[in-house]
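Below is one structure, written out as structure tokens, with a few remarks after it.
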Amino acid sequence: IEMVQVGILGLALTIAATLLVLEAENRERGVFFQRLADAHASNIREAFSDIRAALSALTQFYQASLQIDRSEFHTFAAPLAKATTVHAYTWIPRVPATDLPGFEAEARRQGMSDFAIWEYSAQGGRVPVSGRADYYPVYRVEPHTDNEVALGFDLGSEPIRRAALEAALRTGLITTTPLVTLMQETGSQPAMLVLQPVFMPTLPMQESASAGGDARRLRGFVLGVVLLQTLLDHALLRGTHDTNEIVVDLIDLMAADGPTLLAAHPHDYESRHIEAITVADFKQREFQAVNSLFTFSRAQAVVIHPTPLFYATHPARASWLTGFAGLLLTAALATFVGFLRNRHAMLEQQVQTRTAALQESEEQFRSYYELGLIGMAITSLTKGWVQFNDRLCQILGYPRTELAVRTWAEITHPDDLAADVTQFNRILAGEMDSYTLDKRFIRQDGGIVHTVLSVRCVRNPDGSPRHLVV
């Protein structure tokens, strides 16, 4: 009986120890995977940031000069095209219908032979534009090679592109199209067009409080052609780790047909294609990182999960060794108990020791969680603090007692409050469950701290918001 009891106890301890070691190994692999995923997500954000900076530079270039010829555009835009993952940068001027003949004639005079502003007919052929008050032709493009086929095409003649032009003009901000097919050869790869409006300069007395632009002052648009598969591949090549260990999906969260896969790396992994996906694709795997990405007025997600190569490269060997060692130990203990009955006391002591070790391990884990490496809090629906850790107090520079009586709105930088409150109200309205944004807080000493804020709503069974985790 004692041998059976020892055997059962030994097996239980072996299983427990194996599970604990396996959990520790998985936690260690999870930390490594998260660091790897964060690095790749950062590279993707940086690639989009480079495009935004290039478009801003090109916009300022046009705002600083009323006349820019082909040579000047090439000199300025060619280095931008080489330095970023954009397929092409273009200049799209606004051409009133009354100026159309003179504009085309001037373009031909400058060496653009046979230049004309055109659109596609219902049969798919090229025809001269007509019937609109303003036209938006592709006038400059860099690199010119392989993209000259687009010269003269009126973006306002196509509904998707026209909608993006109108949105950019209305807001005065960088705007993107959904995925579109280019007329130039891109290996059947769809593209996203990124537009930024360029306005004539205004006098101080003419400035308006409106966020949008005045159509009468519109000169045109600078435009970047982004091949998302190419961008994703190039962004991931910036890293030093083997990208074959992970799969990276770039997903459009604002597509009319629901979340849509824009690009994947490796793009041929399991024969992945750009197609509509379901919410089931976001179900939590053992390791998975989902990063929000807000690019040029569109919400996207970078979903990263490991391939079998990741598990092969980072195997969980220690847990198997622990289990094997535990089985051997159990057999040895059971054998000794059969011959030495006085081992019962010693075995009981071993159980107590191991139990204490397990309790100590649990306390260490709880302390690690409560210590926190980032500031975390639970906030109420009235913007108050329900619970927060010490790390948040350190970041915001407030004692715990002082922070507890304030709301997060009171210590938010005034310039960032409106954007945060807008997203907060959308969560309360049930329009979304989470958001991420760059935000500044005002510390107690008056200093400003820059943070990356991630918010998720915890809802009641009826769907109403309970509180928010920040």
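Just the heavy atoms: all of them, side chains too, but no hydrogens, waters or symmetry mates, feed the values below.
The line from CD1 of I304 to CD1 of I44 is 5.5 Å long, rounded to the nearest 0.5 Å. Separation of atoms CG (L232) and NE2 (H265) is listed at 7.0 Å; rounding is to 0.5 Å. Distance check: Y62 OH to Q67 CD gives 10.0 Å after rounding to the nearest 0.5 Å. Taking NE2 of H87 as the start and CG of L227 as the end, the distance is 5.5 Å to the nearest 0.5 Å. Taken from CG in L417 to OG1 in T422, the straight-line distance is 9.0 Å, to the nearest 0.5 Å.
Centroid-to-centroid, the aromatic rings of Y435 and F424 stay 6.0 Å apart or farther. Aromatic rings of F73 and W91 (six-membered ring for Trp) have centroids beyond the 6.0 Å cut-off, not under it.
Minimum interatomic distance between V138 and L155 (heavy atoms only, all atoms of both residues): CG2-CD1, 3.6 Å. Of all the heavy atoms in T176 and A164, the pair that sits closest is O-CB, 4.3 Å. Here the shortest heavy-atom pairing between A409 and K383 reads CB-CD, 3.7 Å. Between A77 and Y89, the shortest heavy-atom distance links the atoms O-CD1, 4.4 Å. What you find for P197 and A168 is that their closest heavy atoms are CG-O, 3.5 Å. D249 approaches A264 most closely through the heavy-atom pair OD1-CB, 3.4 Å.
With T177 contributing its side chain and I160 its backbone, the two residues share no donor-acceptor pair below 3.5 Å. Side-chain atoms of S464 do not come within 3.5 Å of backbone N or O of N460 as any donor-acceptor pair. Using modelled atom types, one side-chain atom of N147 and one backbone atom of P143 make a donor-acceptor pair closer than 3.5 Å. Side-chain atoms of T307 come within 3.5 Å of backbone atoms of E245 as a donor-acceptor pair (strictly under, hydrogens ignored).
With sequence neighbours excluded, no residue forms a ring pair (Phe, Tyr, Trp, His ring centres under 6.0 Å) with F294. With sequence neighbours left out, H413 forms a side-chain hydrogen bond (donor to acceptor under 3.5 Å, both in side chains) with no residue at all. Every residue two or more places apart in sequence or in another chain was checked for a side-chain hydrogen bond (donor to acceptor under 3.5 Å, both in side chains) with R162, and none qualifies. Remark: Y398 pairs with no residue by the ring pair (Phe, Tyr, Trp, His ring centres under 6.0 Å) rule, at least two apart or across chains. Not counting sequence neighbours, the partners of F61 by the ring pair (Phe, Tyr, Trp, His ring centres under 6.0 Å) test are F76. Under the side-chain hydrogen bond (donor to acceptor under 3.5 Å, both in side chains) criterion, E402 pairs with R406, not counting sequence neighbours. For Y135, there are no ring pair (Phe, Tyr, Trp, His ring centres under 6.0 Å) partners, not counting sequence neighbours.
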| query | For Q288 and H305, what are the C-alpha separation, side-chain angles and deciding distance, and is it a side chain to side chain donor-acceptor pair (under 3.5 Å)? | reply | CA-CA 5 Å; Q288 178 171 274; H305 54 88; 5.5 Å; no
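For residues 417-430, the set of pairs meeting the salt bridge (Lys or Arg N to Asp or Glu O under 4.0 Å) definition, not counting sequence neighbours, comprises D420-K439, R426-E431. Under the salt bridge (Lys or Arg N to Asp or Glu O under 4.0 Å) criterion, the residue pairs touching residues 453-470 are D433-R459, with sequence neighbours excluded. Sorted by first then second residue, the ring pair (Phe, Tyr, Trp, His ring centres under 6.0 Å) pairs that include residues 439-470, not counting sequence neighbours, number zero. The stretch residues 441-452 participates, sequence neighbours left out, in these salt bridge (Lys or Arg N to Asp or Glu O under 4.0 Å) pairs: R443-D445. Residue pairs meeting the salt bridge (Lys or Arg N to Asp or Glu O under 4.0 Å) criterion with at least one member in residues 34-49, sequence neighbours excluded, are E46-R238.
When the shell of 6.0 Å around CD of E28 is examined, it contains 12 or fewer heavy atoms from other residues, nucleotides or ligands.
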